[in-house]
> 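Below you will find the structure I want to go over with you.
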Amino acid sequence: EDQVTQSPEALRLQEGESSSLNCSYTVSGLRGLFWYRQDPGKGPEFLFTLYSAGEEKEKERLKATLTKKESFLHITAPKPEDSATYLCAVLGGATNKLIFGTGTLLAVQP
Amino acid sequence: NAGVTQTPKFRVLKTGQSMTLLCAQDMNHEYMYWYRQDPGMGLRLIHYSVGEGTTAKGEVPDGYNVSRLKKQNFLLGLESAAPSQTSVYFCASSYSGLEQFFGPGTRLTVL
C-alpha cells in the first residue's frame with residue numbers, strides 16, 4: 001500500500017536558521033513526488049515535482065531533493081513569510097490518486 | 001485566469017439535508033479531483049474525473065456523488081449529510097494527471 005510519512009509534525013525556527021523537512025514514502029513505481037505549501041484557511045499551493053532519485057529543484061529559499069525512499073525540503077535562511085504547512089504527496093504505479101502526508105507545520109519567528 | 005474556484009466558501013447543514021459543491025476551472029484541464037481535509041488525517045481523495053463525462057471513486061467515496069457534465073466543472077453532491085462529513089473540501093485540477101492545482105476550499109459543518 002502506498003504511504004507517505006512526514007516529519008517532524010511541527011518545527012519552530014528562528015529567522016535565518018536553516019533546516020530540513022522530511023518526507024518518507026513507500027510506493028509501487030514512483031511517477032512523481034510533489035511538495036505543496038498550505039497557508040491557514042487556503043488551498044495547497046504547488047511548489048515542486050520530483051520524478052527520479054537524485055533530482056533536485058529550487059525556488060527562492062527552498063530546495064527539494066529526492067532519494068529512492070525519501071525526499072527532503074531544505075529551507076535556507078527562512079523568513080517569517082515562509083511559515084506555513086508543507087505537504088508532501090506521491091503518485092505511483094498506474095493509479096491516478098495522489099497520496100498525501102499529514103504535513104509539517106513550520107513557524108519562523110523574527 | 002481565475003484558476004480553480006469553489007462555491008460556496010462556507011456552508012452549515014443539518015443532518016439529512018442535501019447540497020452540491022461546485023468546482024470550476026478555466027485552465028482547460030482534463031483531470032479534476034475532490035478531496036476532504038480533516039485534522040491529523042491529511043488530504044483524502046473522494047472522487048475524481050479523467051475527462052468530461054467520466055468519474056471514478058477515490059479513497060473515501062461513501063456518502064458522496066459527483067458529476068462532470070462539462071469539462072470545466074466538477075460537482076460534488078451530498079444526498080443526506082451526516083456529522084462525519086463535517087470537513088474542509090478542496091477541488092483540484094490537472095492537465096496531465098501529475099501536478100494538481102487546488103481551489104480555495106469549502107468549509108462545511110453538518111449539525
Side-chain angles (χ1 to χ4, degrees), chain A residues 1-10 21-27 29-52 55 57 59 62 64 66 71 84-105, chain B residues 1-7 9-10 21 23-25 27 29-51 54-61 66 68 74 87-108:
Chain A
E1 181 180 333
D2 298 347
Q3 195 168 5
V4 176
T5 303
Q6 292 187 247
S7 62
E9 290 186 8
L21 312 182
N22 178 263
C23 171
S24 298
Y25 65 92
T26 55
V27 66
L30 182 70
R31 291 170 60 200
L33 184 141
F34 307 87
W35 282 99
Y36 288 84
R37 169 192 171 126
Q38 186 173 24
D39 292 302
K42 296 192 176 181
E45 174 189 347
F46 172 75
L47 292 174
F48 303 110
T49 306
L50 301 167
Y51 294 104
S52 58
E55 190 175 1
K57 294 272 180 75
K59 180 180 180 180
L62 301 177
L66 181 64
S71 176
T85 296
Y86 290 85
L87 303 172
C88 172
V90 295
L91 184 66
T95 181
N96 287 306
K97 306 172 188 179
L98 270 184
I99 304 299
F100 280 85
T102 52
T104 293
L105 176 60
Chain B
N1 286 351
V4 179
T5 58
Q6 294 183 232
T7 309
K9 289 184 170 52
F10 302 94
L21 282 66
C23 176
Q25 53 95 4
M27 298 176 283
H29 285 174
E30 290 292 338
Y31 298 76
M32 295 187 76
Y33 311 81
W34 276 107
Y35 291 88
R36 60 179 289 173
Q37 187 174 40
D38 303 291
M41 301 198 70
L43 283 155
R44 292 182 292 167
L45 183 64
I46 304 171
H47 287 282
Y48 65 99
S49 168
V50 300
T54 75
T55 63
K57 293 181 180 180
E59 184 184 357
V60 288
V66 288
R68 182 103 181 266
F74 196 28
S87 187
V88 182
Y89 291 86
F90 289 102
C91 175
S93 71
S94 174
Y95 174 74
S96 61
L98 294 174
E99 295 87 357
Q100 295 183 17
F101 298 90
F102 285 78
T106 294
R107 187 173 297 274
L108 174 66

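Order of the sequence lines sets the chain letters (A, B, ...), proteins ahead of strands, with each chain counted from 1.
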> Testing the basics here: between B/Leu43 and A/Pro44, what is the closest heavy-atom pair and its distance to 0.1 Å?
CD1-CG, 3.9 Å
> Hey, does A/Leu98 have a side-chain heavy atom less than 4.5 Å from the side chain of B/Tyr35?
yes
> Within the supplied structure, the quantity of interest is the number of heavy atoms (other residues, nucleotides, ligands) at a distance under 6.0 Å from A/Glu9 CD; does it exceed 12?
no
> Within this structure, what is the CD-OG1 distance for the pair B/Gln37 and A/Thr85, rounded to the nearest 0.5 Å?
8.0 Å
> At their closest point, which heavy atom of A/Tyr36 faces which heavy atom of B/Gln100, and how far apart are they?
OH-O, 2.8 Å
> By a 4.5 Å heavy-atom criterion (distance strictly below it), what part of A/Lys97 contacts chain B: side chain, backbone, both, or neither?
both
> Could you check whether any side-chain heavy atom of A/Thr49 comes within less than 4.5 Å of a side-chain heavy atom of B/Leu98, counting everything from C-beta outward?
no
> Report the distance from atom CZ of A/Phe100 to atom CG of B/Leu45, rounding to the nearest 0.5 Å.
9.0 Å
> In this structure, are over 12 heavy atoms from other groups packed under 6.0 Å from B/Tyr95 atom OH?
no
> Counting heavy atoms not belonging to B/Arg44, are there more than 12 under 6.0 Å from its CZ?
yes
> Which one of B/Tyr48, B/Phe102, B/Tyr31, B/Phe90 has the most heavy-atom pairs closer than 4.5 Å to chain A?
B/Phe102
> Given a strict heavy-atom distance threshold of 4.5 Å, which part of B/Val88 is in contact with chain A: side chain, backbone, both, or neither?
neither
> Side chain, backbone, both or neither: which part of A/Ile99 has a heavy atom under 4.5 Å from chain B?
neither
> Does B/Met27 CE have over 12 foreign heavy atoms under 6.0 Å away?
yes
> Could you tell me which portion of A/Phe48 (side chain, backbone, both or neither) has an atom closer than 4.5 angstrom to a non-hydrogen atom of chain B?
neither
> Counting only heavy atoms closer than 4.5 Å, note whether B/Lys57 contacts chain A via side chain, backbone, both or neither.
backbone
> Heavy atoms only, distances under 4.5 angstrom: which of B/Ser94, B/Ala56, B/Pro104, B/Gly105 has the most pairs with chain A? Name it, please.
B/Pro104
